[in-house]
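As structure tokens, the structure follows; a few thoughts come after it.
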Amino acid sequence: MTAYDGPHEHEGPLELEAQVTQWRQYVLRRGTLSPADADELEDHLRGSVDALVAAGLSADEAFLVAVKRMGSLDELSREFAREHSERLWKQLVLTGDSGASDAGTRSRRDLWVMLGAAAGAVASVKAPALFGLTFDDDGAFYTRNFTLFALPWLAAFLAWRRRARPAVVVALVALFVLGALAANVYPLAGDSQSIVVTSVHLPIALWLVVGLAYVADDWRSTRRRMDFIRFTGEWFIYFVLMALGGGVLAAFLFNTFAAIGIVPEAFVSQWFLPCGAAAAVVVAGWLVEAKQSVVENIAPVLTRLFTPLFTAALLAFLVAVVWTSHGIDVEREALILFDLLLVVVLGLLLYSLSARDPLAPPGAFDKLQLALVLSALAIDVLVLFEITGRITDDYGGTPNRAAALGENVVLLVNLAWSAWLLLSFVRRRTPFAALERWQTGYLPVYAAWAWIVVLVFPPLFQYA
């Protein structure tokens with residue numbers, strides 16, 4: 001994929017300066033590179049054009065060839081982030097750089113927008129209290145709706161940074177409204193299984209709406225969708241780190257005030273934890289955006305550390321199943337465990353693909369990933385067999401079982417084709433780009449299934 005696909009046919013001579021201006025505007029719209037970085041890229045582009053013109057190409061031909069040689073702007077952005085990491089850290093701590101006033105202004109603007117979005121998330125969490133809803137008495141309501149309090153604000157921040165078109169903004173608003181209706185329109189009882197499946201699947205559906213805000217006008221781009229996968233991993237890392245820090249701070253607050261006779265249990269449980277969690281959703285997204293690609297080096301480390309461990313664990317489990325001749329006992333807890341295991345395996349695969357050099361030849365680690373995917377595929381087949389047996393027993397279908405069946409079918413298809421593509425790639429018959437296109441192109445399938453569960457399952461199972 002190239003950074004810019006300019007016109008290949010021109011009705012008349014197109015001036016080089018106009019082409020360079022159009023390309024530069026595209027660069028700045030990405031929201032990743034500063035004007036100073038764009039100047040450096042432009043110098044490189046002009047030098048390449050001059051060399052090609054000297055070699056005998058026309059100005060138009062030289063421009064198109066030079067742009068294509070520069071490759072993906074996202075890749076160039078990552079290269080600039082690594083080379084200018086000191087500037088990124090200055091942006092992170094908001095010190096700015098006198099030599100990059102435009103970048104500092106944009107960073108401060110991003111900060112204020114982020115703070116506004118975080119405040120909106122906090123207000124959304126506390127707004128139901130105005131109508132008499134409390135965390136203690138209305139836990140089911142907050143369980144279903146918590147992601148609706150925070151994710152729309154994260155999506156708003158990302159859409160603002162991407163300068164999303166009005167059509168994209170309208171689509172985002174419509175999808176979040178649809179999610180809110182799906183979570184609240186059905187008269188679910190407090191012990192309903194549909195509350196559980198809605199609480200699990202609605203965050204998945206809404207997170208992929210956040211993905212639409214992230215890619216904005218470039219939703220057809222495989223590279224931008226892969227960037228969203230990378231964003232998801234980095235966002236998760238930041239969110240977990242903030243959650244751990246928040247837990248430590250909450251413990252300090254509780255114990256220090258308790259030492260002087262004040263027990264801040266209500267403040268911690270009703271204000272600090274829920275409001276902090278909602279704000280952290282937005283802040284984590286801002287951190288990923290503010291320090292583009294500085295944390296990206298974590299991706300190869302995590303995948304290379306955990307891929308061998310998970311591969312060994314899955315292979316050991318399969319050997320134990322064969323050795324003992326015991327099937328998988330798919331009770332509710334075991335079902336959730338196996339589904340989480342398969343999702344983690346898929347996440348490792350996606351994160352490793354997002355961090356891999358697409359031009360590198362297949363190696364030993366790719367073969368290890370193939371073994372991991374094949375092991376997960378075998379376990380998925382065993383789980384599907386047991387789930388089907390459970391559904392056909394005397395108890396019949398339930399929301400949990402039906403949701404698990406669909407999820408495992410979706411995972412089965414993805415894992416099976418991923419294994420085939422990995423095998424073909426290892427044997428040098430399929431380019432790495434095919435893996436990227438498949439995985440990122442499959443994201444709407446996950447979103448579709450999550451929306452089906454949220455919208456269709458409650459009435460289908462009569463609010464069971």
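All of these numbers come straight from a predicted model, not from anything done at the bench.
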Can a donor-acceptor pair be found, under 3.5 Å and without considering hydrogens, that links the side chain of [X] to the backbone of [Y]?
X: D380; Y: L412; answer: yes
X: R144; Y: A183; answer: yes
X: N184; Y: L181; answer: no
X: W153; Y: G120; answer: yes

If you define the side chain from C-beta out and look only at heavy atoms, does anything of [X] sit under 4.5 Å from [Y]?
X: R161; Y: D110; answer: yes
X: I237; Y: L241; answer: yes
X: W417; Y: L421; answer: yes

Quick check for you: to the nearest 0.5 Å, what is the distance between [X] atom [atom1] and [Y] atom [atom2]?
X: Y238; Y: W286; atom1: OH; atom2: CH2; answer: 10.0 Å
X: F141; Y: T143; atom1: CZ; atom2: OG1; answer: 10.5 Å
X: L422; Y: L370; atom1: CG; atom2: CG; answer: 5.5 Å
X: L244; Y: L249; atom1: CG; atom2: CG; answer: 12.5 Å
X: L435; Y: W420; atom1: CG; atom2: CH2; answer: 12.5 Å
X: I229; Y: E234; atom1: CD1; atom2: CD; answer: 12.5 Å

Assess, by modelled atom type and distance only, whether the side chains of R225 and T440 contain a donor and an acceptor separated by less than 3.5 Å. yes
Where do [X] and [Y] come nearest, in terms of heavy atoms and distance?
X: A371; Y: T311; value: CB-CG2, 4.0 Å
X: M226; Y: L350; value: SD-O, 4.3 Å
X: A280; Y: F239; value: CB-CE1, 3.8 Å
X: F425; Y: P362; value: O-CG, 3.4 Å
X: A279; Y: V122; value: CB-CG2, 4.0 Å
X: A129; Y: Y142; value: N-OH, 3.9 Å

Relative to the ring of Y442, is the ring of Y446 parallel (under 30°), tilted (30 to 60°) or perpendicular (over 60°)? perpendicular
Face-on cation placement of R162 at Y214 ring, 6.0 Å and 45° thresholds: yes
Kindly determine whether F432 and L353 satisfy side-chain contact (heavy atoms from CB on, under 4.5 Å), including the steps that lead there. CA-CA 9 Å; F432 178 77; L353 292 180; 3.4 Å; yes
Out of V345, L309, L342, L374, which one pairs with L314 under the side-chain contact (heavy atoms from CB on, under 4.5 Å) rule?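 That would be V345; it is the only one of V345, L309, L342, L374 passing the side-chain contact (heavy atoms from CB on, under 4.5 Å) with L314.
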In chain order, what residues pass the side-chain hydrogen bond (donor to acceptor under 3.5 Å, both in side chains) check against Q439, with sequence neighbours excluded? N414, S418
Around atom NZ of K126, are there more than 12 heavy atoms from other residues, nucleotides or ligands closer than 6.0 Å?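 For K126, atom NZ is crowded (more than 12 foreign heavy atoms under 6.0 Å).
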Step through the shown structure and confirm whether more than 12 heavy atoms of other residues, nucleotides or ligands are within 6.0 Å of CH2 on W438.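 Counting neighbours around CH2 of W438, more than 12 heavy atoms of other residues, nucleotides or ligands fall under 6.0 Å, so yes.
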Is there a side-chain contact (heavy atoms from CB on, under 4.5 Å) between F231 and L158 once you walk through the steps? CA-CA 11 Å; F231 171 87; L158 293 174; 4.0 Å; yes
Please lay out, stage by stage, how D227 and R224 fare under the test side-chain contact (heavy atoms from CB on, under 4.5 Å). CA-CA 5 Å; D227 285 343; R224 292 299 291 164; 3.4 Å; yes
CA sep, side-chain torsions, deciding dist, call: V456, W451, side-chain contact (heavy atoms from CB on, under 4.5 Å): CA-CA 8 Å; V456 178; W451 281 110; over 6 Å; no
Using ring centroids (six-membered ring only for Trp), state whether W207 and W235 fall under 6.0 Å. yes
